[in-house]
There are 2 protein chains.
Amino acid sequence: MPTNKKKPQVTASPERRRELLDTAAEVFAAQGYNATTVRKIADAAGMLAGSLYYHFDSKESMLDEILSAFLNELWAGYDTVLAAGLGPRETIEALVTESFREIDRHRAAVAIYQKEARTLSAQPRFHYLSDSQVKFEKAWLGTLERGVAARVFRADLDIRLTYRFVRDTVWVAASWYRPGGQHSPEEIARQYLSMVLDGIAVRT
Amino acid sequence: MPTNKKKPQVTASPERRRELLDTAAEVFAAQGYNATTVRKIADAAGMLAGSLYYHFDSKESMLDEILSAFLNELWAGYDTVLAAGLGPRETIEALVTESFREIDRHRAAVAIYQKEARTLSAQPRFHYLSDSQVKFEKAWLGTLERGVAARVFRADLDIRLTYRFVRDTVWVAASWYRPGGQHSPEEIARQYLSMVLDGIAVRT
DNA sequence: ATCCTTCCCTAACAAGTGTTTGGTAGGTTA
DNA sequence: TAACCTACCAAACACTTGTTAGGGAAGGAT
């Protein structure tokens with residue numbers, strides 16, 4: 001007996017909700033959350049604006065569901081990697097590869113996250129975005145520090161700068177990545193790792 | 001004798017315009033263009049919404065001025081670098097350094113550009129954003145190709161992927177960079193170049 | 001045949017949006 | 001003093017926004 005806070009949906013099939021959330025995510029990603037009107041979402045779904053409210057409480061709760069569903073899947077993958085007890089370099093490799101797989105699967109959600117996370121996390125409802133970001137930083141920074149201590153990563157770099165470098169490098173890819181392109185997520189991860197780890201200059 | 005298209009401003013001092021554009025840019029960067037109402041801009045400027053229209057034709061033309069002013073300065077710097085006749089590696093180094101200087105000087109404008117450029121460039125008024133992007137890609141990709149031909153950059157990487165890697169790596173910095181921090185633009189450029197060119201792994 | 005459930009439509013609402021119009025305080029110029 | 005210019009305010013405009021309320025069509029269950 002779920003006692004939802006505000007407006008418990010009477011009846012609504014989860015499949016249809018998923019469908020609508022997917023199209024909503026596409027529109028959000030393409031136009032930006034604020035620039036997206038519920039009428040545009042309804043258009044893309046082939047229905048009228050008011051009809052969306054049979055399935056969802058509000059435009060904001062659509063965004064909420066999209067982002068939290070993505071983050072849940074992301075952390076399922078990350079936690080598996082982090083629990084595997086790999087070395088620092090192998091952990092970074094696994095995290096990057098996993099990240100590109102998530103981009104492949106949740107391209108729209110990632111794009112939305114990239115654009116809106118900073119402003120949203122101020123809102124109490126989206127405070128879990130901040131939590132996630134803290135956890136994220138802990139995982140990556142910790143791995144980098146382990147790598148420096150183990151002498152597999154360079155010690156002469158600002159580690160915080162390195163963290164942002166690696167993080168951004170991976171996730172901005174969502175802005176241009178299109179699934180079904182000529183490179184698989186794994187192939188992109190391989191090339192990115194090659195650049196990040198060994199650089200683009202020829203070794204002399 | 002300027003014959004402006006729609007609504008030539010009767011009289012308005014350029015200095016005040018600059019001031020207002022700077023505060024508008026800050027709000028745009030912090031909240032996003034669409035989420036920013038003219039009333040919020042007016043609040044930040046200590047005046048009422050309607051008063052902005054003494055200085056500007058529209059909210060859109062404020063954005064236009066902010067972005068084109070930034071791009072003009074950016075290309076002034078880039079063109080100087082590109083005309084210097086440097087080698088490929090030195091050109092990349094100079095471009096990256098110049099980019100971080102621009103981020104330092106136009107943090108807000110860069111942030112706005114990052115968030116809104118893709119959607120804006122569809123609009124005819126902002127088509128110069130597409131032009132700039134094409135020119136941008138030509139400059140960077142060309143330099144990378146010269147570097148591969150001269151055997152100073154690795155030949156085993158997808159060059160288009162490398163381009164996006166380097167480009168994104170540099171410009172996303174605007175999302176977290178704060179002027180007056182502990183690192184100067186030149187220092188950040190130095191570390192970024194070290195990572196991009198030589199990688200973060202220890203050489204064995 | 002009746003009821004019920006699911007899913008959507010029609011039509012409106014209040015609040016917020018960018019923008020316009022006319023006015024006006026205060027300084028500069030004549 | 002009078003005329004004028006600059007920079008703003010006050011109040012409204014037409015429109016778009018997210019959201020709601022009531023209704024109804026289709027189909028399965030009873």
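This one's a predicted model, so the numbers in the text were calculated from it and none came from an experiment.
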Requested in this report: Between C/dC8, D/dT19, D/dC9, spot the one nearest the side chain of B/Met47, thanks.
Outcome: D/dC9
Query raised in the report: In whole Å, what is the span from the CG atom of A/Leu52 to the P atom of D/dT17?
Result: 14 Å
Query raised in the report: Any donor-acceptor pair under 3.5 Å between the side chain of B/Arg39 and the base of C/dG18?
Result: yes
Query raised in the report: What nucleotide, of C/dT19, C/dC7, D/dA7, holds the atom closest to the side chain of B/Ser58?
Result: C/dT19
Query - Within residues 21-36 of chain A, residues whose heavy atoms come under 4.0 Å of DNA chain D - result: A/Thr36
Query raised in the report: Which residues satisfy the side chain to side chain donor-acceptor pair (under 3.5 Å) test with A/Tyr78, sequence neighbours excluded?
Result: A/Ser99
Requested in this report: For A/Lys40 and D/dG18, give me the distance from atom NZ to atom C1', rounded to whole Å.
Outcome: 14 Å
Report summary line: From CG of B/Asp43 across to C1' of D/dC8 the rounded distance in Å is 15 Å
Query raised in the report: Among the nucleotides D/dG18, C/dT10, C/dG18, which one has an atom lying closest to any side-chain atom of B/Tyr53?
Result: C/dG18
Query raised in the report: Side chains of B/Arg154 and B/Thr162: is there a donor and an acceptor less than 3.5 Å apart?
Result: no
Report task. Give a yes-or-no answer on whether the side chains of A/Glu187 and A/Gln182 include a donor-acceptor pair shorter than 3.5 Å. Result -> no
Requested in this report: For B/Leu20 and D/dT6, give me the distance from atom CG to atom C1', rounded to whole Å.
Outcome: 14 Å
Report task. May I have the distance from B/Glu15 (atom CD) to D/dA7 (atom C1'), rounded to whole angstrom? Result -> 14 Å
Query raised in the report: Taking the six-membered ring for Trp, are the ring centroids of B/Phe100 and B/Tyr192 within less than 6.0 Å of each other?
Result: yes
Report task. Check the distance between C/dT19's P and B/Phe56's CZ and give it to me in whole angstrom. Result -> 13 Å
Query raised in the report: In terms of side-chain heavy atoms, does B/Tyr163 have a donor or acceptor partner in B/Asp168 at a distance below 3.5 Å?
Result: no
Query raised in the report: Looking at the side chain of A/Thr37, which of C/dT19, D/dT17, D/dC8 is the nearest nucleotide?
Result: D/dT17
Query raised in the report: Counting only side-chain N and O atoms of A/Ser13, is one of them less than 4.0 Å from OP1 or OP2 of C/dT6?
Result: no
Requested in this report: For B/Ser51, answer base if it contacts any base atom (sugar-phosphate contacts may also be present), sugar-phosphate if it contacts only those atoms, and nothing otherwise; contact means non-hydrogen atoms under 4.0 Å.
Outcome: base
Requested in this report: For C/dT6, take OP1 and OP2 only and decide whether either is under 4.0 Å from a side-chain N or O of A/His55.
Outcome: no
Requested in this report: Could you verify whether a donor N or O on one side chain and an acceptor N or O on the other, from A/Thr143 and A/Arg89, lie under 3.5 Å apart?
Outcome: no
Query raised in the report: Counting side-chain heavy atoms from C-beta on, which of D/dA10, C/dC7, C/dT19 comes nearest to B/Leu48?
Result: D/dA10
Query raised in the report: Are any of A/Tyr54's side-chain N or O atoms less than 4.0 Å away from OP1 or OP2 of C/dC8?
Result: no
**Report entry** Distance (rounded to the nearest 0.5 Å) between B/Leu120 CG and B/Tyr128 OH
**Finding:** 8.0 Å
Query raised in the report: Starting at the 5' end of DNA chain D, which residue's closest nucleotide do you reach first, B/Ala49 or A/Ala49?
Result: B/Ala49
